[in-house]
Amino acid sequence: MSRIVVIANREPYAHERDKNGGIVVRRPASGLVTGIEPMLRRARGTWIAYGGGSADRETADRSGRVAVPPGAPEYTLRRMFVDEHEYARYYAGFANEALWPLCHIAHTRPHFRRDDWMAYERVNAAFARAGVEESAGDGLLLIQDYHFALVPRLVRREAPDIVTSLFWHIPWPSAELVEICPWKDAIVGGMLGADVVGFHTRQYCMNFLETVSRGVDCDIDEHEMSITTDDHRTLVREYPISVQWPYPAAPRSAGRSLRQSLGIGDGVHVALGIDRADYTKGLLEKVGAIEALLERNPDLAGRFVLVQIASPTRSVIREYARLASELRDAVARVNDRFGNDAWRPILLLTKTVSPAEVREFYAMADSAIVTPLHDGMNLVAKEYAASCNDGEGVLVLSRFAGAAKELDTALIVNPYDVEQVARAIVRAMRMPAAERHARMQTMRARIAAHTIDDWSQSIVSDMIDLRSAPQPELLGEAAAG
Ligand code: GDG
């Protein structure tokens, strides 16, 4: 079996020094980690990631390798250590202030700074070198996300026998939008070094083909979904990410205890939001929808609450700090306007909770309001539906989340239309049980038929097929000979 190596910015285990001088292991809250780890465990592969924990260096060997999970090792984590300032330019600067807003239609302007771009190039080069080393010349290298657009081409140049895939976890927007990026050609060229480029939806694949067709001299085969440049062919594939199935849901009784501990009465409809506090997640618009809901439906006073977890994220970036404070103000305004001593319509929790607690929140919810302005997939929508084992629960879902393609029996809304979202919430509250169950069952059947293991296995099996299939240059030589 081929060696499997993953490059992803976020490490699955970080070692941190705690207040007492001891070392603790921290697991990041990330759907990506849950998704990729089972494959690495099975294959006893290697995960290459940025070592961001305060005790990461001292717990790894001289080349940054550490066997994980700690205590019961099954695969290798290779940590990359990057100078703090360099990391800030590459990660916060280029990845999150240029590429993230570039790819999301959320009307936040990307910032293109040359110093950030140069750091991005250097960090990509370092990860590409590590990828070549770990793949031992001919492994399968699965590169994750917009942090590493340049890695595929760099790896191919060094070691053409390594089969590479690049999965882009965020949307690929239309070609006109991408064209404003001063380094668009280098980014697209870097990606085309991969044997397979994957996105969550067919629409993102088509947008990518259109972007390539405008700037690269190549043959595009829309039927086969492939791009051929000079001597290399890249397949463009749709791999919608998913969640574990069966999902390790918390029992409804845990939801009831949580409801009590939050002081929410029995007859109150709990609508749930769980999002990173990111401007793409439509949090201010969601608060606007609650305001519209309560304006139009004064009878809901005391009978409805939105419990919104807004987990802190990327807070060094100005737009994120601003959003966090605008969100607090907006929630306070709505609570002051409609609430009273006994009831507040929005309960905002600006913290990161544990994975077990996330599942208790799902078990507590009567509905989930997932209304991003633009989102590659959105795993919260899938996790919520997957957790509703009893078929109870209603999902209100933005049409601009990739998940809306598969979960089309959710109440699909335009998050910018606060009146429409408010009407959907009323509908969720009043929906007859038979309709609730039918809609939920359809969503759950879709998730069960396409789990996170299917996601990783389809990428790997396409890569294995490519390994055995002849490449265009070989065909060319055969024809010439
Ligand atoms: C990117 C794309 C795509 C959230 N708060 C807490 C917490 N979470 C967990 C959720 C879920 C994950 O984080 C968030 O996943 P999303 O898919 O919603 O969003 P992004 O972080 O933006 O992820 C996205 C994804 O990549 C995968 O390809 O779907 O479109 O933007 O699993 O449960 N987990 C814990 N505490 C929290 O406070 N433990």
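Start at 1 and go down the list; that is how both ligands and their atoms are numbered.
Contact atoms of ligand 1 toward S354: 39 (N) (distance under 4.0 Å to a heavy atom of the residue). When each atom of ligand 1 is checked for a heavy atom of R276 under 4.0 Å away, the hits are 20 (P), 21 (O), 22 (O). Listed by number with element, the atoms of ligand 1 under 4.0 angstrom from any heavy atom of P355 are 39 (N). For ligand 1, the atoms sitting less than 4.0 Å from at least one non-hydrogen atom of G376 are 30 (O), numbered in the order shown with element in parentheses. Each of the atoms 10 (C), 11 (C), 32 (O), 33 (O) of ligand 1 lies under 4.0 Å from some heavy atom of E383.
Around atom CD of E179, more than 12 heavy atoms belonging to other residues, nucleotides or ligands sit under 6.0 Å away. Within 6.0 Å of CD on E222 lie no more than 12 heavy atoms contributed by other residues, nucleotides or ligands. The number of heavy-atom neighbours closer than 6.0 Å to CZ of R276, taken from other residues, nucleotides and ligands shown, is above 12.
Aromatic rings of Y91 and H147 (six-membered ring for Trp) have centroids within the 6.0 Å cut-off, being under it. Checked against the 6.0 Å centroid criterion, the rings of F167 and W455 qualify as a close aromatic pair. Checked against the 6.0 Å centroid threshold, F199 and F208 count as a close aromatic pair.
In summary, the side chains of D275 and Q308 do present a donor paired with an acceptor at a separation below 3.5 Å, with no hydrogens or angles considered.
For a threshold of 3.5 Å applied to N or O pairs, the pair formed by H200 and ligand 1 contains at least one separation below that value. Close N/O approach between I170 and ligand 1 is not found [any backbone or side-chain N/O within under 3.5 Å]. Looking at L379 next to ligand 1, an N or O pair under 3.5 Å apart turns up. Among the atoms of I241, none of the N or O lies under 3.5 angstrom from an N or O of ligand 1.
Comparing R359, H169, H104 by heavy-atom distance to atom 28 (O) of ligand 1, the nearest is H169. Counting only non-hydrogen atoms, the option in D375, I452, V353 that gets closest to atom 38 (O) of ligand 1 is V353.
With a heavy-atom cut-off of 4.0 Å, S311 touches ligand 1 through its side chain alone. When heavy-atom distances to ligand 1 are checked against a 4.0 Å cut-off, W100 comes that close only through its side chain, counted from C-beta outward. By the criterion of a heavy-atom distance under 4.0 Å, neither the backbone nor the side chain of D278 is placed next to ligand 1.
With a 6.0 Å cutoff to the six-membered ring centre and a 45° limit on the axis angle, R89 does not count as a cation-pi contact of F94. Judged by the 6.0 Å and 45° rule, R314 forms a cation-pi pair with W100.
Every heavy atom of F199 sits 4.0 Å or more from the atoms of ligand 1.
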